[in-house]
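Only one structure is covered here, and it is reproduced in the block below.
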There are 2 protein chains.
Amino acid sequence: MEHTKSTNTNVTIKDVARTAGVSIATVSRILNGSAGVSEELAARVNAAVDMLEYRPNAVARALKERKSRSIGLVIPDIENPFFPSLVRGAEDAARQQGYAVILCNTDGNAVEEDRYIQFLFSKQVDGILFIGGIESQGNLEMLADLPVPVVTLDRRAATGKLSAVVYDNYQGAILAVEHLIKTGRKKIAFISGPLKSSSSIDRRRGFNDTLDKFSLPVNEKLTFVGNYSFDSGYQAIKELIEKKESFDAIFAANDMMAIGAIEALLEASIRVPEDIAIVGFDDIRLAFWHKPSLTTVRQPAYEMGQAAVAMLIKQMSSTSAEVLEQKFLPELIVRKSTENQGAEHETKAIRE
Amino acid sequence: MEHTKSTNTNVTIKDVARTAGVSIATVSRILNGSAGVSEELAARVNAAVDMLEYRPNAVARALKERKSRSIGLVIPDIENPFFPSLVRGAEDAARQQGYAVILCNTDGNAVEEDRYIQFLFSKQVDGILFIGGIESQGNLEMLADLPVPVVTLDRRAATGKLSAVVYDNYQGAILAVEHLIKTGRKKIAFISGPLKSSSSIDRRRGFNDTLDKFSLPVNEKLTFVGNYSFDSGYQAIKELIEKKESFDAIFAANDMMAIGAIEALLEASIRVPEDIAIVGFDDIRLAFWHKPSLTTVRQPAYEMGQAAVAMLIKQMSSTSAEVLEQKFLPELIVRKSTENQGAEHETKAIRE
DNA sequence: ATGAAAGCGCTAACAG
DNA sequence: CTGTTAGCGCTTTCAT
């Protein structure tokens, strides 16, 4: 079945001007609420606008004004359960200010990141919210020289050149490990994220420092390097079980690995939390729904996305390129996976 | 800390022309690979481009060419676990063709949908991939008259005016219910989606028709209307248990409600699948990770997103506005939640 | 208070 | 093969 495309596609400011019997300058003024417009002409113009169903051409406006009213949002992967909330927060904040969001998935690949940055620059985006992968150190430096405001969520950017929304991963790890220790666990296995990731480094540091603080030994045999995937958590604990290492708790550097770890435990008929307690990181929705539900360190993704875009817009409208930073603090969410039977019920500990 | 913004923001085709000692037309020709260009000038121009780090201004190009090389992606909510895969599929397909994707979350609210459609139109997007909520009937009709190609995932659009990627919800429901019946279940409760949603209507029809086919009675007391949320599945089954209705299986019109239902069952110490078998719909990742894992009807979200954008791009480059349709077929994924102990192991049934 | 006209950066006739 | 020029739709001086 075919039908011809609607033809009166483009009604421009010129058509409105002609219909209303005024100049295009007048139409423009009225549309943009500029000063000095006679009531009468305004009425005629508005009538013409309604009648013709005129919609301003944002592309022409962008060319003239040199701002596109759109921002680029560069993330590793929207399918990673951490990002949907963040993206939603970012989008809500952007829309509220009339900005379009261009979504870019890079899989954390530095080459793709670079391609997308060039693409966005060419598209004349007014700002970029950049969340890189573990290889993006080089791109971060390049971004700092881009003549477009950039906000990142990466701590490494805090070289004083790039604005950032940061999260205290170190403190978060401390919260997690202290919780395990205080509920009586002593031999804590650790599943780290990728060694080069800055968030991962901070979480590892928090883990080590807390063990030190409580004079517990750091046992290398209980430490694994994962890649934040379900599978790497599963493999780590499977290996641990096969080697018959002794441990009574696990701290996983994110929730997906924690859930993978639980899978390995359950397959070996090890009970959670009775035999092994486990705490994750991020508080993705699955942490709540999983059986057993997962104790975790919450990262407020929606709010961070929102804050990042707010910061970006602030930078875009200021001429002095001040480098901003906003810090979010972790919060421990206690659920079933660390419940001490018989022990007094832990309450949700809020760390401000 | 402050530092002045990099100043040489805008290097234009003019600068390249001057540096290379040619006219802007020549630069444009070389950049766009047009015919007849002397090797020598091409080399000079490319050198200038590299040296000045010239990047074409896509906004100016869009104004001139009357196409923006961007498409709008309107969805209810990226936080709904069904959408991330679909969005990723759409984005991958778009990027491959050099299109930017503008993401728009509407919460299925018709007013927001309309606002976003106007916004995208104003932005001169070359096409729109529209996934509406239950109230969007009116917007669907409006979209059909928009002078911009539109592809939707809504069956209701199949009035012959809007191209669509569709999914056979009816057949999917049949697969689910037949599976329950063939594994020996007879009193099947049904948690429907919202009554006005077209996918929901089809799934309900599949449920009823299959019971009929096997001469099983449709018991109104075992039928509930949910809203696709975890909570509505939970509430439905909680009510069923409190009323002490007798049933041996549940078909939930999506996975989130199925998982909510399981929660209610477990709270009442009813075992899944031993006492009650349950099958969901969509095959979100959680269906795989949940304990017990959930038998469900798979909807290939990534592929559908990809196909929808491919279809959109095809429409954009064709002058005859042919109305296209591509259909995806359901596939039953059998997991723990319907396992019959003692019975022969079900294998993954693939319906082509 | 309103209109005429320049120009944002680019592509594509049109001329030579 | 290369350059000159018009014009995409809009905002904004600069006149009037």
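Values below: every heavy atom of this structure, side chains too, minus hydrogens, waters and symmetry copies. Chain letters run A, B, ... following the sequence lines, proteins first and then strands; every chain starts at 1.
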* Structure fact -> Sorted by chain and residue number, the side-chain contact (heavy atoms from CB on, under 4.5 Å) partners of A/Lys64 (sequence neighbours excluded) come out as none
* To do: Compute the angle between the rotation axes at the two ends of the helix from C/dA1-D/dT16 to C/dG16-D/dC1, each taken over five pairs, rounded to 10 degrees.
  => 50°
* **Contact pattern, 5' to 3', of nucleotides 4-11 of chain C - B, S or - by protein heavy atom under 4.0 Å** => B--BBBBB
* Roughly, in whole Å, what's the span from CZ in A/Arg69 to C1' in D/dT11? -> 15 Å
* Asked: Restricting to pairs with a member in residues 94-105 of chain A, which pass side chain to side chain donor-acceptor pair (under 3.5 Å), not counting sequence neighbours?
  -> A/Asp92-A/Arg95, A/Arg95-B/Glu112, A/Asn105-B/Glu91
* Pairwise distance CZ(B/Phe119) to CD1(B/Ile102) - rounded to 0.5 angstrom -> 6.5 Å
* Asked: Rounded to the nearest 0.5 Å, how far does NZ of A/Lys123 lie from OG of A/Ser70?
  -> 8.5 Å
Could you pull out all donor-acceptor pairs under 3.5 Å where a side-chain atom in residues 54-63 of chain A meets a protein atom, sequence neighbours excluded?
{"from": "A/Arg55", "atom 1": "NE", "to": "B/Gln118", "atom 2": "OE1", "distance (Å)": "3.0"}
{"from": "A/Asn57", "atom 1": "OD1", "to": "A/Val59", "atom 2": "N", "distance (Å)": "2.8"}
{"from": "A/Asn57", "atom 1": "OD1", "to": "A/Ala60", "atom 2": "N", "distance (Å)": "3.0"}

* Asked: When you check the phosphate oxygens OP1 and OP2 of C/dA1, does a side-chain N or O of A/Thr26 lie under 4.0 Å from one of them?
  -> no
* To do: If a pair satisfies salt bridge (charged side-chain N to carboxylate O under 4.0 Å, His left out) and one of its residues is in residues 301-315 of chain A, list it, with sequence neighbours excluded.
  => A/Arg298-A/Glu303
* Find out whether B/Val45 and B/Val22 are in side-chain contact, i.e. whether some heavy atom of one side chain is under 4.5 Å from a heavy atom of the other. => yes
* Would you call B/Asp126 and B/Arg66 a salt bridge, taking side-chain N to carboxylate O under 4.0 Å as the test? -> no
